[in-house]
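Let me begin by presenting the structure, written as C-alpha cells, before commenting on it.
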Number of protein chains: 2
Amino acid sequence: MNESTSRIELLKVVSHPARIAILDELSKGVKCVSDFQGFLEISQPNISQHLSALRLAGIIDFFIDGRLRCYFLKNPFILDLLEILKKQYAGELPGPECCPVTKKGTYPGERRR
Amino acid sequence: MNESTSRIELLKVVSHPARIAILDELSKGVKCVSDFQGFLEISQPNISQHLSALRLAGIIDFFIDGRLRCYFLKNPFILDLLEILKKQYAGELPGPECCPVTKKGTYPGERRR
DNA sequence: CAAATATATTCACATATTCTAATATTTGAA
DNA sequence: TTCAAATATTAGAATATGTGAATATATTTG
C-alpha cells in the first residue's frame with residue numbers, strides 16, 4: 001500500500017461523527033475513556049470499539065495509569081484534517097461557463113472523434 | 001444536520017481511492033467521463049456511479065456539451081482536503097511521557113475516586 | 001432514420017461497517 | 001480477598017456500501 005492509499009484509508013476510518021469528536025477532544029490533550037463518556041452519547045463498549053479502530057489505524061495510542069487508559073493523538077495528519085473540518089468557506093467554487101437553465105456549455109479539451 | 005456533521009458526511013463520501021483520483025483530476029479543470037476512463041482502471045458504469053455519488057453529495061456538478069458530460073469541482077473544502085492528502089509529515093506527534101516498555105504514565109487530569 | 005458514441009441507471013450480490021448486548025479482564029480499594 | 005470501577009472483547013443483527021452485468025438513454029453522424 002502506497003502513501004496516498006493509506007492516507008485515504010485513514011480518511012475512511014475517521015469519517016464518523018463519534019470518531020471525529022474523539023479526535024477533536026484528543027487534539028486538546030490526553031484523555032481517558034471515561035472522559036469521552038462525559039460528552040459522547042454512546043455506550044462505553046461502543047466508545048472502546050471506536051478507540052480500538054482508531055488505534056489499529058495508527059491514529060492514536062495510549063498509556064496506562066492504574067485502571068485508566070490514557071489515549072493520545074499520534075498522527076499529525078489528523079490535526080490538519082480537524083482544522084479544515086472547522087474552516088468556514090465562502091460559497092461554492094467559481095464554476096465554468098455554462099447556461100444555468102439548460103446546463104449547456106463547451107468542453108475545454110480536445111474532442112476525440 | 002449541522003455544518004460539522006455534513007462535513008463529516010462529505011469525508012465519508014470521498015474516502016475511496018477512485019473518488020479521490022477523480023477529484024484530484026477535477027482539481028486541475030473540467031473533465032468528461034471518458035477522460036477518467038483514461039487513467040482509472042474501473043469500468044465506465046462504475047465511474048458513472050462514483051460521479052453520481054459525488055454529485056449527490058454536492059461535491060461536483062456538470063454541464064453538457066453534446067454527448068459529453070463535463071464535470072467540475074463545486075465544493076471548496078475538497079481542495080483543502082486534497083492538499084493535506086498530499087502533504088508530507090515528519091514522523092509522529094510528540095507523545096506524552098510514559099514508559100515505552102510498560103506503557104505506564106500519569107493521567108494529567110482530575111481523578112474521580 | 002439507423003448506427004455509433006457517450007454516459008447513466010438498475011438490480012442483485014458480496015462485503016464491510018456499526019451498534020447492542022453480554023461478558024471478560026485488570027486494577028485499586030476496603 | 002473480595003468488591004467495585006474502568007475498560008475491552010466477542011458475537012450477532014441490522015444496515016450500508018461497492019461492484020459487475022445488463023440494459024437504458026440521449027446525441028451525433030452518416
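Note that these values count all heavy atoms, side chains included, but never hydrogens, waters or copies made by symmetry.
Evaluation of atom-type donor-acceptor distances gives a pair under 3.5 Å for the side chain of B:Q44 against the base of C:dA8.
Between D:dT7, D:dT19, C:dT20, one nucleotide has an atom nearer to the side chain of B:H50 than all others, and that is D:dT19. Closest to the side chain of A:R67, out of D:dG20, C:dT27, C:dA6, is C:dT27.
The two residues B:F36 and B:K31 come nearest to each other via the heavy atoms CZ-CB, 3.7 Å. Here the shortest heavy-atom pairing between B:L51 and B:I60 reads O-CD1, 3.6 Å.
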Identify all pairs in which a protein N or O lies below 3.5 Å from an N or O of nucleotides 10-12 of chain C, and state each distance.
from, atom 1, to, atom 2, distance (Å)
C:dT10, O4, B:Q49, NE2, 2.8

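Using a 4.0 Å cut-off on heavy atoms, none of the residues of residues 13-29 of chain B approach DNA chain C.
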For B:S27 and B:L79, what are the C-alpha separation, side-chain angles and deciding distance, and is it a side chain to side chain contact (heavy atoms under 4.5 Å, CB included)?
CA-CA 7 Å; B:S27 75; B:L79 289 179; 3.8 Å; yes
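Counting to the nearest Å, the C1' atom of D:dT17 and the NZ atom of B:K12 are 9 Å from each other. One can place CG of B:L56 at 14 Å from C1' of D:dT17, the figure rounded to the nearest angstrom. Regarding A:K103, its NZ atom lies at a distance of 15 Å from the C1' atom of D:dA26, rounded to whole Å. Separating the CZ atom of A:R69 from the C1' atom of C:dA24 is a distance of 13 Å, rounded to the nearest angstrom. In this structure, CZ of A:F63 is placed 17 Å from P of D:dA6, rounded to the nearest angstrom. Rounded to an integer number of Å, the gap from B:I47 CD1 to C:dT9 P is 15 Å. Residue B:I42 contributes atom CD1, which lies 14 Å from atom P of C:dT7 at whole-angstrom precision. Note: CD1 (B:I8) to P (D:dA16) measures 18 Å, nearest angstrom.
Put simply, B:Y71 has a side-chain N or O that comes within less than 4.0 Å of OP1 or OP2 on C:dA8. In this model, the phosphate group of D:dT19 is not approached by any side-chain N or O of B:S43 to a distance below 4.0 Å at OP1 or OP2. Taking side-chain N and O atoms only, B:Y107 has no distance below 4.0 Å to OP1 or OP2 of D:dT7. A sub-4.0 Å separation between OP1 or OP2 of C:dT5 and a side-chain N or O of B:S34 is absent.
Salt bridge status for A:K86 with A:E83: absent, with no side-chain N to carboxylate O gap under 4.0 Å. Between A:K87 and B:D80, at least one side-chain nitrogen of the basic residue sits less than 4.0 Å from a carboxylate oxygen of the acidic one, meeting the salt-bridge criterion.
For the pair B:S52 and A:I64, nearest-nucleotide mapping onto DNA chain C gives the more 5' position to B:S52.
In this view, A:R19 satisfies the salt bridge (Lys or Arg N to Asp or Glu O under 4.0 Å) rule with no residue, not counting sequence neighbours.
The aromatic rings of A:F77 and B:Y89 lie perpendicular to each other, with more than 60° between the two planes, well past the 30° mark.
Here the CG atom belonging to B:L40 is positioned 9.0 Å from the CG atom belonging to B:N46, to the nearest 0.5 angstrom.
A donor-acceptor pair under 3.5 Å is absent between the side-chain atoms of A:R55 and the main chain of A:Y71, judged by distance alone.
Across all strands, B:K104 comes closer than 4.0 Å to no nucleic acid atom at all (heavy-atom distances).
Pairing partner, D:dG30: C:dC1, with both Watson-Crick or wobble hydrogen-bond distances short of 3.5 Å.
Both the sub-6.0 Å distance and the 45° axial angle are satisfied by B:K103 relative to the ring of A:F62.
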